[in-house]
Undergrad: 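Got a structure here, written out as structure tokens. Questions coming.
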Amino acid sequence: MKLTRLRGFQDYLGADARALSMVEDCARTVAYRHALNEIRIPTLERIELYERSSGETSDIVQKQLYRVPRAAEAAGEGDQALRPEGTPGVIRAYIEAGLDRSDPEQRFFYCGSMYRYERPQKGRLRQFNQFGVEIFGRADAASDAELIIMIDEFRRALGLEVTFEVNSLGDAACRPAFRAALLEWGRTHYAELCDDCHQRLERNPLRLLDCKTDAVLARTAPHSLDYLCDPCRGHFATVERLIKIADVPYVVNPQLVRGLDYYNRTTFEVTSSAVGAQSAIVAGGRYDGLVEALGGAAAPGTGFAIGIERTALAISADRYATGGAPDAAIIAIGDAAVAGAIALARELRASGLRIELLSPERGLKALLRRADRGGARHALIIGENELAAGVVQMRDLRASTQNTVARGEVAAALAAARG
RNA sequence: GUGAGUGUAGCUCAGUUGGCAGAGCACCGGAUUGUGGCUCCGGUGGUCGAGGGUUCAAAUCCCUUCACUCACCCCA
């Protein structure tokens, strides 16, 4: 087998595919009830979009971006990349449609595949799907709270046990003081920090907080919550109050930081212990300066993204194992019966039944075996005799009973059996 | 990019001090001419990840390499 799939890319068959659909359908249902509008955007965008939003020093831009080289043809079009996340593209579309000026308050959801060049592991792929929600034009804490409540509805519908962690990173007014304190702390403890943290001190000091090798030491680092200005403090208190009233089981994690540097104020993460080390199945937060940074009018924003594959890992197999077995499998014996079998299948499908038409090339015994293993409740057998008499043999594969049914009555009999 | 583990039939895995490549499951057929599941019998299916070396002889020992998995980094 040479033509294998690429590293980090997955095929999903049977129950695995159903699990993903189930997660996606569930998210769509919740989004529908929240009256969000779907937005579909391209998979490929200009590279600058990601450089300007995610931050040029972030790993996503530095080494995870799938650059699409079209050197000769696209020379004048600028560099392009497969989207590593959805938020920048949604904001670009929002600005490009002029909504930031004409009607800034918008509520979107999107669903699609994202691409990041990383070493795969459990819960991490190079192509993966995200279901995301973005709310523009609202700076109030209630919009943050509503997102978290939405996620809680989503995970309850799937029967997931998860942990909600929330934090506030402050804003342009108070973050500089926190950042300075963190850098100061890092320099003071430089000798005790691990090699990774030495890198973080340069590149992304906030990351010092969630170091795993020096977790004990990291706990002594300054927290953004202690540096919040009054407006930020009030905002966070309101978020907490609202999600508490809504009964969301959350904890404040002062060491929770986000990977992308456009976040401010509220950040949150939903984790499951069932999916491996990459345990975050949903993450999000507020990004008030981002629309403006991407060339739009100043508009606040807040949003989250659900990892579809990671969420699917967390749901128990018995919730999607049964994949809708056929109501009946039709078995045609002899060439003459094939046309009649196809006609019967059409009739039955038109009345809403799920019908599988089995191959006429094999023997009755083999076909009954396939019908049984395919999970069909009934087998409908049509041969020369049945054709002539205008009937079918309807065999109940569960009860092992069989009787002759007039063609016109098959649909009703199957529907009755389905209950 | 770093580290560890694993590669033998479609799947899960045995394979002894180096000596004919195996089992279970799955699939196909038969026992039963047009009647499934259970049972019995039979069959298809292999570049032992790949390349090289040692040896009369390598799935087994040595070297190289590739892939997969998990973890770090990072993140959904």
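Sequence lines set the chain letters: A, B, ... in the order given, protein chains first and strands last, and positions in each chain run from 1. Keep in mind that this is a model prediction, so the values were computed, not measured.
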Undergrad: What interatomic distance, in whole Å, is found between C1' of B/C73 and the corresponding atom of B/A59?
TA: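 Pairwise C1' distance, B/A59 against B/C73, rounds to 37 Å.
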Undergrad: Under 4.0 Å, counting only non-hydrogen atoms across every strand here, what does A/Arg116 touch: a base, just sugar-phosphate, or nothing?
TA: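 If one applies the 4.0 Å heavy-atom cut-off, A/Arg116 turns out to touch a base.
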Undergrad: Report which part of the nucleic acid A/Glu384 touches: base, sugar-phosphate, or nothing (heavy-atom distance under 4.0 Å, all strands).
TA: base
Undergrad: A/Asp327: what forms a side chain to side chain donor-acceptor pair (under 3.5 Å) with it, not counting sequence neighbours?
TA: A/Arg418
Undergrad: Sequence neighbours left out, cut at 3.5 Å: what donor-acceptor pairs do the side chains of residues 82-90 of chain A make with other protein atoms?
TA:
unit_1  : atom_1 : unit_2   : atom_2 : d
A/Arg83 : NE     : A/Ser113 : O      : 2.9
A/Arg83 : NH1    : A/Ile41  : O      : 3.3
A/Arg83 : NH1    : A/Pro42  : O      : 3.4
A/Arg83 : NH2    : A/Ser113 : O      : 3.2
A/Glu85 : OE1    : A/Tyr262 : OH     : 2.8
A/Glu85 : OE2    : A/Ser54  : OG     : 2.8
A/Thr87 : OG1    : A/Glu134 : OE2    : 2.7

Undergrad: Show each protein N/O and nucleotides 71-73 of chain B N/O combination with a separation under 3.5 Å, one pair to a line.
TA:
unit_1 : atom_1 : unit_2   : atom_2 : d
B/A71  : OP1    : A/Ala277 : N      : 2.9
B/A71  : OP2    : A/Gln121 : NE2    : 3.1
B/A71  : OP2    : A/Lys122 : N      : 3.3
B/C72  : OP2    : A/Gln121 : NE2    : 3.4
B/C72  : N4     : A/Arg124 : NH2    : 3.3
B/C73  : OP2    : A/Lys212 : NZ     : 3.3
B/C73  : N3     : A/Arg124 : NH1    : 3.1
B/C73  : N4     : A/Gln121 : OE1    : 3.3
B/C73  : N4     : A/Arg124 : NH1    : 2.1
B/C73  : N4     : A/Arg124 : NH2    : 3.0

Undergrad: Regarding A/Ile281, tell me which of base, sugar-phosphate or nothing describes its non-hydrogen contacts under 4.0 Å with the strands shown.
TA: sugar-phosphate
Undergrad: Does any pair with a residue in residues 336-353 of chain A pass side chain to side chain donor-acceptor pair (under 3.5 Å), and if so which ones, sequence neighbours excluded?
TA: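 Applying side chain to side chain donor-acceptor pair (under 3.5 Å) to every pair that reaches into residues 336-353 of chain A, excluding sequence neighbours, yields A/Glu347-A/Arg407.
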Undergrad: Would one find a side-chain N or O of A/Arg398 under 4.0 angstrom from OP1 or OP2 of B/G36?
TA: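 Answer is no, no contact under 4.0 Å.
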Undergrad: Determine which pairs satisfy ring pair (Phe, Tyr, Trp, His ring centres under 6.0 Å) with at least one residue from residues 179-202 of chain A, sequence neighbours left out, and list them in order.
TA: A/Trp185-A/His189, A/Tyr190-A/His198
Undergrad: How does RNA chain B look in dot-bracket notation if pairs are Watson-Crick or G-U with both distances under 3.5 Å, crossing ones as [ ], other-strand ones as |?
TA: (((((((..((((.....[..)))).(((((.......))))).....(((((..]....))))))))))))....
Undergrad: So what does A/Leu125 hit on the nucleic acid, given a heavy-atom distance under 4.0 Å: a base, only sugar-phosphate, or nothing?
TA: base
Undergrad: Less than 6.0 angstrom separating the ring centers of A/Phe131 and A/Tyr110, yes or no?
TA: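 Not under 6.0 Å, so no.
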Undergrad: Between B/A9 and B/G15, how many Å separate the two C1' atoms, rounded to a whole number?
TA: 14 Å
Undergrad: What nucleotide among B/C28, B/U35, B/G36 has an atom nearest to a side-chain atom of A/Arg362?
TA: B/C28
